[in-house]
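The structure appears right after this line, and notes come after that.
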Amino acid sequence: MSQISLTFPDGNAREFPAGITPAEVAQAISTSLGKKAISASVDGAHWDLAWPIDTDAAIAIHTMQDDAPALELIRHDFAHVMARAVQEIWPDTKVTIGPVTEKGWFYDFDRAEPFTPEDLGAIEAKMKEIVAARDPVTTEVWDRDRAIAHYRDTNEPYKVELIDRIPEGAPIRMYWHGDWQDLCRGPHLQHTGQLPADAFKLMGVSGAYWFGDTSRPMLQRIQGVAFKNRNDLKAHLTFLEEAAKRDHRRLGREMDLFHMQEEAPGQVFWHPNGWTIYTTLQDYMRRKQRAGGYQEINTPQVVDRKLWEASGHWEKYQHHMFIVEVDESRDGETDDAAVKDKAQTRINALKPMNCPCHVQVFNQGLKSYRDLPLRLAEFGSCARFEPSGALHGIMRVRGFTQDDAHIFCTEDQIQEECARFIEFLAGVYRELGFPDFEIRFATRPEKRVGSDESWDHVEGALENAIKAVGRDYVLEPGDGAFYGPKLDFYLTDAIGRVWQCGTFQVDPNLPERLGASYVAPDGDKKRPFMLHRAALGSFERFIGILIEEHSGKLPFWLAPRQVVVASIVSEADDYIHEIVAALRAAGVRAEADLRNEKINYKVREHSVGKVPAILAIGHREVEERTVTLRRLGEKATSVLSLDEAVATLAREATPPDLL
RNA sequence: GCCGGUAUAGCUCAGCUGGUAGAGCAACUGAUUUGUAAUCAGUGGGUCGGGGGUUCAAGUCCCUCUGCCGGCACCA
């Protein structure tokens with residue numbers, strides 16, 4: 001038998017007979033490692049202890065101490081244990097796939113009857129039995145025909161499909177957890193008793209399409225989470241509870257920011273507090289854009305279908321548009337049948353995006369190459385008929401306002417404009433408290449318009465721009481629009497969710513369709529490029545992210561209610577009016593709380609309401625012309641003179657770009 | 001859009017196998033003038049999401065529509 005050389009993490013190499021398994025390697029190193037081993041890395045691949053190694057390789061033996069492989073095995077084996085439990089309880093259930101997810105796993109099933117939330121308890125109980133049984137996990141490689149025949153016999157059509165998807169030459173592995181058998185690429189633990197029976201939880205049932213294919217019947221997905229021990233599970237469940245407390249939908253109600261209702265699904269009714277955040281943010285963006293060389297415009301909401309036909313949206317995007325039909329004969333308010341016969345209905349659509357309207361502005365008058373780059377910005381209110389299942393608070397809505405702009409420029413100006421925009425966006429994000437963001441670079445898709453030379457040039461411009469400003473990017477090959485590449489900018493919020501906010505798209509197509517042109521130096525008319533870009537994305541989503549990021553405790557300058565001046569005794573009322581007036585004159589959003597309540601009550605109420613500063617005023621403050629300041633979330637208080645307090649708070653109320 | 005769940009007072013929720021609705025907080029009224037996360041007492045408040053059906057009787061059972069929640073799909 002031939003020998004192979006295995007190199008360990010410490011750099012030492014040892015000879016072993018070919019076909020040795022990691023289990024045997026671990027045993028050869030020491031009996032205790034042989035007992036503790038759960039899997040291995042072989043040339044970087046996660047390797048089952050039972051798989052033979054046939055060639056020279058770098059090897060590392062993993063134990064439960066190694067978090068990443070341990071968690072992967074735990075979650076993966078739980079997926080199988082759950083599928084086995086389900087099939088033991090409901091033998092008519094067909095199994096499909098069950099991959100590991102970020103905190104656990106899911107497994108999709110095909111069963112006529114829906115799983116109920118109550119069923120989850122029964123499944124969990126059965127899973128614990130399987131763990132307690134300490135059933136061995138074993139594996140074999142089968143040939144394709146045998147595997148297919150097996151799954152035909154056992155009436156598991158999804159597994160047959162899966163085998164068809166396994167590329168020629170790749171091993172088809174069968175695993176057994178006790179007597180229960182599944183097709184799986186592995187690796188796995190050695191027996192079910194290695195699973196922590198007190199560190200998993202089934203989280204729910206939902207629908208899911210087989211490989212995302214909406215034309216197929218829906219499967220039922222059961223999701224679970226699993227950790228190495230009970231404490232980690234508890235920590236995760238606590239984290240979920242905390243996340244729920246900072247949910248913008250909950251805080252939106254508690255802080256009286258906005259509401260939504262049935263008659264306008266996916267659209268926001270902003271209350272005074274919420275609208276204060278919105279306008280403060282908008283004022284900020286307006287100043288930033290002006291400083292960044294943008295000119296602000298405003299364009300119509302309701303636009304005749306003719307424009308959408310010209311832009312291509314009518315053909316490609318109609319299902320997402322709110323269509324408005326207007327009978328123009330209504331003008332005369334007549335009942336005259338003859339007039340009604342002549343009635344003409346006109347079909348309009350609410351704009352789902354601003355770009356076609358911006359081209360109309362560009363097209364007015366004659367543009368020269370000297371006008372380029374021309375940067376037209378609009379806080380553009382858009383309406384999109386998003387599918388009902390996509391709606392989510394104010395993060396995914398049907399009516400929203402973008403901090404949109406379109407830059408009309410020449411091909412040679414794209415790189416410079418892209419770099420400028422990335423710096424602009426980075427500055428905005430930094431000032432808004434998001435110094436870190438991710439750029440995803442989406443390149444040419446299969447179906448596209450334009451020559452390869454043109455794509456080469458434009459993609460190169462974007463890549464150079466990213467490099468020029470010293471940023472990294474994640475490449476998303478083939479994800480660009482059919483007319484040009486794009487950059488998307490992603491923020492991660494305080495609970496780890498990733499949101500797309502900013503975008504930068506290169507578009508030679510729409511200027512072409514809508515006949516935009518400029519006069520070039522040689523006197524010829526040429527097509528400009530159009531760059532679609534947004535930094536915040538939409539005010540609605542961005543405010544939702546801000547709320548969740550800060551658990552409602554917004555930075556002082558953005559807080560809708562900045563200071564409450566609360567009386568301890570009613571003799572302080574006159575002085576409090578004076579304080580409030582002084583703060584307001586200095587640009588601070590201040591209000592008085594003169595109610596006949598104890599200071600404890602007021603402090604609690606305004607703390608719950610996330611007011612960043614409370615000034616408590618009693619006899620002492622009146623006499624000394626001071627204020628006692630208490631910051632949100634802090635127990636300590638500090639005494640300041642009135643002038644000091646106004647100066648300090650006024651400074652804090654100043655937006656970051658004006659400091 | 002699809003699968004599942006869900007809808008009771010302003011909010012959070014209770015209401016068992018059908019017998020015409022309750023609590024806490026909030027609101028309102030009164031008393032209390034109070035020193036940093038809930039002062040006390042009293043009062044009012046709900047066609048139980050909409051529509052239809054079964055039944056002597058429906059918040060409760062059935063159908064349907066709508067919204068919301070969790071996923072899937074979508075987010076050129």
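Below, read A as the first sequence line, B as the second, and so on, with proteins coming before strands; counting in each chain starts at 1. Note that the structure is predicted; figures quoted are calculated from it, not measured.
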Could you give the distance separating G44(B) and G1(B) at their P atoms, to the nearest angstrom?
44 Å
Side-chain contact check for N600(A): nearest option of A37(B), C74(B), U33(B) is A37(B)
Those residues at least two apart in sequence (or on a different chain) that pass side-chain contact (heavy atoms from CB on, under 4.5 Å) with P508(A) are Y483(A), F529(A)
Worksheet item: Counting only distance, no hydrogens or angles, is the base of A37(B) paired donor-acceptor with the side chain of R630(A) under 3.5 Å?
Response: yes
**Item:** Flag for D493(A)-W499(A): side-chain donor and acceptor within less than 3.5 Å
**Value:** yes
Rounded to whole Å, the CZ-P distance (R595(A) to U29(B)) equals 13 Å
Between CG of D213(A) and P of C2(B) the distance, given in whole Å, is 16 Å
So the side chain to side chain donor-acceptor pair (under 3.5 Å) pairs with at least one residue in residues 348-362 of chain A (sequence neighbours excluded) are T299(A)-K351(A), K351(A)-N354(A), K351(A)-E378(A), N354(A)-Q402(A), N354(A)-D404(A), H358(A)-E378(A), H358(A)-H406(A)
Side chain to side chain donor-acceptor pair (under 3.5 Å) pairs touching residues 89-103 of chain A, sequence neighbours excluded, are none
Each nucleotide of nucleotides 65-71 of chain B classed B (base within 4.0 Å of a protein heavy atom), S (only sugar-phosphate) or -, in 5' to 3' order, makes -SSSSBB
Rounded to whole Å, the CD1-P distance (I617(A) to U36(B)) equals 14 Å
Practice problem: Please state whether the base of G1(B) and the side chain of E386(A) form at least one donor-acceptor pair under 3.5 Å? | Solution: no
Notebook entry, point to check: S567(A) near the nucleic acid: base, sugar-phosphate alone, or nothing, with a heavy-atom cut-off under 4.0 Å?
Noted result: nothing
Of A37(B), G4(B), C74(B), the nucleotide closest to the side chain of V608(A) is A37(B)
note: E621(A), atom CD; G35(B), atom C1'; distance rounded to Å ~ 8 Å
Item to complete: Compute the ring centroids of F489(A) and Y429(A), then answer whether they are less than 6.0 Å apart.
Response: no
Considering every strand and a 4.0 Å limit on heavy-atom distances, what is the contact class for K598(A): base, sugar-phosphate, or nothing?
base
>> What's the gap between U8(B) and G59(B) when it is taken at their P atoms, as a whole Å value?
In response: 15 Å
- prompt: Any N or O donor-acceptor pair linking the side chain of T637(A) to the base of U36(B) at under 3.5 Å?
  reply: no
Same-atom distance (C1') from U17(B) to U60(B), integer angstrom: 10 Å
Show every donor-acceptor pair shorter than 3.5 Å between a side-chain atom in residues 302-309 of chain A and any protein atom, with sequence neighbours excluded, or say none if there are none.
| residue | atom | partner | partner atom | Å |
| --- | --- | --- | --- | --- |
| D304(A) | OD1 | K306(A) | N | 2.8 |
| D304(A) | OD2 | R346(A) | NE | 3.0 |
| R305(A) | NE | E309(A) | OE2 | 2.8 |
| R305(A) | NH2 | E309(A) | OE2 | 2.9 |
| W308(A) | NE1 | V303(A) | O | 3.1 |

Its dot-bracket string being built from Watson-Crick and G-U pairs below 3.5 Å, with | for another strand and [ ] for crossing, RNA chain B has the pattern (((((((..((((.....[..)))).(((((.......))))).....(((((..]....))))))))))))....
Closest of A73(B), G35(B), A37(B) to the H619(A) side chain is G35(B)
From CZ of R620(A) across to P of U33(B) the rounded distance in Å is 19 Å
Please write out each protein N/O paired with an N/O of nucleotides 11-15 of chain B under 3.5 Å, distance rounded to 0.1 Å.
| residue | atom | partner | partner atom | Å |
| --- | --- | --- | --- | --- |
| C11(B) | O3' | R253(A) | NE | 3.4 |
| U12(B) | OP1 | R253(A) | NH2 | 3.1 |

C1' gap between A9(B) and A27(B), integer Å: 11 Å
Exercise. D108(A) side chain to L219(A) main-chain N or O, any donor-acceptor pair under 3.5 Å?
Worked result: no
What side-chain donor-acceptor pairs closer than 3.5 Å can you find for residues 312-320 of chain A, not counting sequence neighbours?
| residue | atom | partner | partner atom | Å |
| --- | --- | --- | --- | --- |
| H313(A) | ND1 | S311(A) | OG | 2.6 |
| Q318(A) | NE2 | W314(A) | O | 3.0 |

### Query
Taking the P atom of each, how far is G49(B) from A21(B), in whole Å?
15 Å
Heavy-atom nearest nucleotide on RNA chain B taken for T628(A) and for H313(A); more 5' hit belongs to T628(A)
The side-chain hydrogen bond (donor to acceptor under 3.5 Å, both in side chains) partners of Y575(A) (sequence neighbours excluded) come to none
Mind checking the P distance from U43(B) to C25(B)? Whole angstroms is fine. 14 Å
Discussion item. Please classify the nucleic acid contact of S607(A) as base, sugar-phosphate, or nothing, using heavy-atom distances under 4.0 Å.
Written reply: base
Please report the distance separating the C1' of G18(B) from the corresponding atom of A23(B), rounded so that it comes out in whole Å. 23 Å
Atom CZ of R604(A) and atom C1' of C25(B) are separated, to the nearest Å, by 9 Å
Worksheet item: Does OP1 or OP2 of G35(B) have a side-chain N or O of Y601(A) closer than 4.0 Å?
Response: no
*asked:* Tell me whether the side-chain N/O atoms of K602(A) come closer than 4.0 Å to OP1 or OP2 in U36(B).
replied: no
Against the side chain of A616(A), the closest entry in G4(B), U36(B), G35(B) is U36(B)
The side-chain contact (heavy atoms from CB on, under 4.5 Å) partners of K486(A) (sequence neighbours excluded) come to A442(A), D488(A), Q505(A)
For P612(A), the side-chain contact (heavy atoms from CB on, under 4.5 Å) test, sequence neighbours excluded, returns F556(A), A559(A)
Practice item. Name the nucleic acid region contacted by G204(A), choosing base, sugar-phosphate or nothing; use a 4.0 angstrom heavy-atom cut-off, strictly under. Key: nothing
Rounded to whole Å, the CD1-C1' distance (I576(A) to G35(B)) equals 13 Å
Between S567(A) and K602(A), is there a side-chain donor-acceptor contact under 3.5 Å, judged purely by atom types and distance? yes
With sequence neighbours left out, the residues meeting side-chain contact (heavy atoms from CB on, under 4.5 Å) with R448(A) are R444(A), P445(A), D452(A), W455(A)
For this session: Using the C1' atom on both, measure C13(B) against G46(B) and round to a whole Å.
Result: 14 Å
| task | Look at the side chain of E124(A) and the backbone N and O of L202(A), then say whether any donor-acceptor pair between them is shorter than 3.5 Å. | result | yes
Checking the side chain of R253(A) only, and the main-chain atoms of H259(A) only, is there a donor and an acceptor separated by less than 3.5 Å? no
Comparing nearest nucleotides in RNA chain B, the 5'-proximal residue of the pair P114(A), R396(A) is P114(A)
Winner on side-chain proximity to I599(A), out of U36(B), A37(B), A73(B), is U36(B)
To the nearest angstrom, the CD-P distance between E597(A) and C40(B) comes to 10 Å
